[in-house]
Amino acid sequence: MNEPRNAIAAVIVTAIIFFANAAIAQTYRGGDFTITLGDNNPETGRTYRGCDSQGNCISLQYGTSWRNGHKRGITWENGDYLYVVSWQDNDRHSSLYLTVFHGQKEILRERLYENFLK
């Protein structure tokens with residue numbers, strides 16, 4: 001009689017863990033910088049925080065999600081600068097890229113790797 005309750009409890013715990021992990025920001029490294037991407041928040045939208053090796057950081061909010069064929073991404077605007085994090089469908093963690101544009105000119109393109117040393 002306790003088996004159905006245990007099964008329901010296991011499903012609830014699994015759902016809580018899944019949704020809690022989905023809300024956690026993920027940190028990536030590329031070159032001499034790290035970026036932290038935050039999930040869609042009702043107040044700030046998708047967030048981006050990038051820091052270089054000297055500790056200079058930039059925080060951006062309201063990222064716009066997009067899709068072009070099999071390529072997906074999120075874009076943030078900051079004055080004349082455009083920050084784009086992109087990946088191929090079903091391959092977000094193994095081929096994630098940051099591309100930064102100043103006006104129409106690409107000034108940075110770097111592959112990102114999960115930063116396990118947070």
Derivation of the side chain to side chain contact (heavy atoms under 4.5 Å, CB included) call for L60 and T47: CA-CA 6 Å; L60 305 171; T47 59; over 6 Å; no

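- Between the N41 side chain and the G45 main chain, no donor and acceptor come within less than 3.5 Å of each other.
- Taking each heavy atom of F33 and L98 in turn, the nearest pair found is CE1-CD2, 3.6 Å.
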Stepwise side chain to side chain contact (heavy atoms under 4.5 Å, CB included) check, Y28 with L37: CA-CA 8 Å; Y28 300 90; L37 303 176; 3.9 Å; yes

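- Of the N and O atoms on the side chains of R49 and T36, not one donor lies less than 3.5 Å from an acceptor on the other residue.
- More than 12 heavy atoms of other shown residues, nucleotides or ligands fall within 6.0 angstrom of atom OH in Y62.
- A ring pair (Phe, Tyr, Trp, His ring centres under 6.0 Å) with W76 holds for exactly one of Y83, Y48, Y81; it is Y48.
- Counting Ile, Leu, Val, Met, Phe, Trp and Tyr side chains that sit under 4.5 Å apart, directly or through other members, W66 shares a hydrophobic cluster with L82, V84, F101.
- With no hydrogens or angles considered, a side-chain donor-acceptor pair links T99 and R109 at under 3.5 Å.
- A distance-only check finds no donor-acceptor pair linking the side chain of N68 to the backbone of K71 [under 3.5 Å].
- Note that the NE2 atom of H70 and the CD atom of Q88 stand 8.5 Å from one another [nearest 0.5 Å].
- In the displayed structure, E77 atom CD is contacted under 6.0 Å by at most 12 heavy atoms of other residues, nucleotides or ligands.
- To the nearest 0.5 Å, atoms CD1 (I74) and OG (S86) are separated by 10.0 Å.
- Note that the CG atom of D80 and the NZ atom of K105 stand 13.5 Å from one another [nearest 0.5 Å].
- Interatomic distance, L112 CG to T34 OG1, rounded to the nearest 0.5 Å: 10.0 Å.
- Looking at residues two or more places apart in sequence or on another chain, you find no side-chain hydrogen bond (donor to acceptor under 3.5 Å, both in side chains) involving T64.
- A donor-acceptor contact under 3.5 angstrom links the side chains of S65 and R46, judged on distance only.
- Taking each heavy atom of E114 and R29 in turn, the nearest pair found is O-NE, 4.3 Å.
- The CG atom of L96 sits 6.5 Å away from the CD1 atom of I35 when rounded to the nearest 0.5 Å.
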